[in-house]
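Both ligands and their constituent atoms are indexed starting at 1 by order of listing.
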Amino acid sequence: MPRAELLEAVKGAHGIVCMLSDKIDKEVIEAAGPNLKCISTLSVGFNHIDVDECKTRGIKIGNTPGVLTNATADLALSLLLATCRLIPQAVHEAKNGGWGTWKPMWLCGTELAGKTVGIVGMGRIGSAVAKRLRAFEIGRLLYSGRSEKPNAKELQAEFVDVDTLLREADIVVATCALAPETTNIFNADAFKKMKNTAILVNAARGACVDQDALVEALKAGEIKAAGLDVTTPEPLPTDHELFKLPNCVILPHIGSATDECRSIMAVMTAENCVKGISGEDMPAQVC
Ligand SMILES: O=CC(=O)O
């Protein structure tokens, strides 16, 4: 919904159902006025909502954790494989006459078996990615985050600091929440620490990556390739430098986009809102 329409439409509302693309800040909350009891977002991430402002005013926030874990992990794996195996480039070549005679070293990518993979943010989605990666017979699995995870042992994952993860991983996957400590975590310094052959996959939030630094790192060969399901801004302008780089695969934020998942998310978002309006606990309440 365009911002001006949103500011108008929320006036007097008891509940707001929003998308991750709607910035629900103090201005929107004030435009809604004193009736507002809850905000329910059709997403697991809630960095677009001013949580402190909601806490101060006693406004509940609901989100959709758990139900999108499998869909988002599947997509992260798809993006990882698409980036490692140059799939968009290969599809383009096949369609556009680039497919000449079979050439032994043409469109050669990176394979997963034996590789060290680093997951930044081993929450629900990170763990689901880790489980899937084991089927590809990867070597070491590293993870970093706020704390060690009880399920790490079963995933044979080693808890390391971010610097170690950046230095040692062949493939780095971001599945962390956007927080002050993860904002721009992939910056110029990080790309310098990463291997020149490393691949970065971002299934978290665009703001985890310093995009200008990423463009430079991809151009200079500081890292090999990047796969992004999230960017800043969204949509990313079609003339953006990242779209010009053959070693960057960009998807339009489709992590949870399956028929199954979005239907369940929609119901959960509605339930959160209805419960929030009636003053009851939400099925999935952030605060
Ligand atoms: O990015 C998707 C979500 O937060 O649900």
Side-chain angles (χ1 to χ4, degrees), residues 1 6 15-25 28 38-52 54 60-80 82-83 119-130 132 145-146 172-186 200-209 211 214 226-236 242 248-273 276 282-287:
M1 185 180 279
L6 175 66
I16 296 176
V17 168
C18 66
M19 310 295 120
L20 53 81
S21 45
D22 299 314
K23 194 165 179 50
I24 308 295
D25 53 11
V28 174
C38 69
I39 297 164
S40 177
T41 182
L42 185 93
S43 61
V44 65
F46 49 85
N47 54 291
H48 51 296
I49 303 173
D50 187 336
V51 176
D52 290 338
C54 288
K60 288 179 178 163
I61 300 175
N63 67 339
T64 61
V67 296
L68 48 61
T69 301
N70 286 330
T72 308
D74 287 353
L75 193 275
L77 250 294
S78 310
L79 180 56
L80 193 162
T83 309
I119 297 186
V120 177
M122 187 72 114
R124 281 178 291 258
I125 296 169
S127 302
V129 169
R132 284 157 175 74
R146 285 193 183 133
V172 175
V173 187
T175 48
C176 49
L178 182 65
E181 68 271 25
T182 56
T183 300
N184 276 341
I185 190 170
F186 300 103
L200 170 69
V201 174
N202 187 6
R205 282 291 181 268
C208 295
V209 172
Q211 261 174 208
L214 177 62
L228 313 172
D229 185 39
V230 286
T231 58
T232 312
E234 291 180 6
L236 191 67
L242 283 174
C248 188
V249 177
I250 300 172
L251 300 178
H253 202 155
I254 54 167
S256 64
T258 65
D259 293 332
E260 298 87 341
C261 177
R262 287 284 165 83
S263 303
I264 297 170
M265 284 171 73
V267 172
M268 195 163 176
T269 305
E271 279 173 358
N272 278 341
C273 189
M282 293 169 157
Q285 191 169 307
V286 173
C287 69

Do ligand 1 and R205 have nitrogen or oxygen atoms that lie under 3.5 Å from each other?
yes
Show me which atoms of ligand 1 lie under 4.0 Å from any heavy atom of G45.
3 (C), 4 (O)
May I ask you to list the atoms of ligand 1 that are less than 4.0 angstrom from any heavy atom of S43?
3 (C), 4 (O), 5 (O)
What I'd like to find out is whether the side chain of H253 reaches to under 4.5 Å of the side chain of R205, using heavy atoms alone.
yes
Ignoring angles and geometry beyond distance, decide whether L42 reaches within less than 3.5 Å of ligand 1 through its nitrogen or oxygen atoms.
no
Among T41, V44, N47, which residue places a heavy atom closest to atom 3 (C) of ligand 1?
V44
Under 4.0 Å, heavy-atom basis, I'd like to know which part of T64 is in contact with ligand 1: side chain, backbone, both or neither.
neither
Hey, is the main chain of G121 close enough, under 3.5 Å, to the side chain of T175 for a donor-acceptor pair?
yes
Would you call I24 and I61 a side-chain contact if the rule is heavy atoms closer than 4.5 Å?
no
Kindly say whether C208 contributes a backbone atom to a donor-acceptor pair with the side chain of T183 at under 3.5 angstrom?
no
So, do K60 and C54 sit near enough that their side-chain heavy atoms are less than 4.5 Å apart?
no
For L68, the ligand 1 atoms with a heavy-atom partner under 4.0 Å come out as 5 (O)
Numbered in order shown, the ligand 1 atoms found under 4.0 Å of a heavy atom of H253 are 1 (O), 2 (C)
Near L20 (heavy-atom distance under 4.0 Å), the atoms of ligand 1 are 1 (O), 2 (C), 3 (C)
4.5 Å side-chain heavy-atom contact, I16 and D22
no
Taking the side chain as everything from C-beta on, heavy atoms only, tell me whether L214 gets closer than 4.5 Å to F186.
no
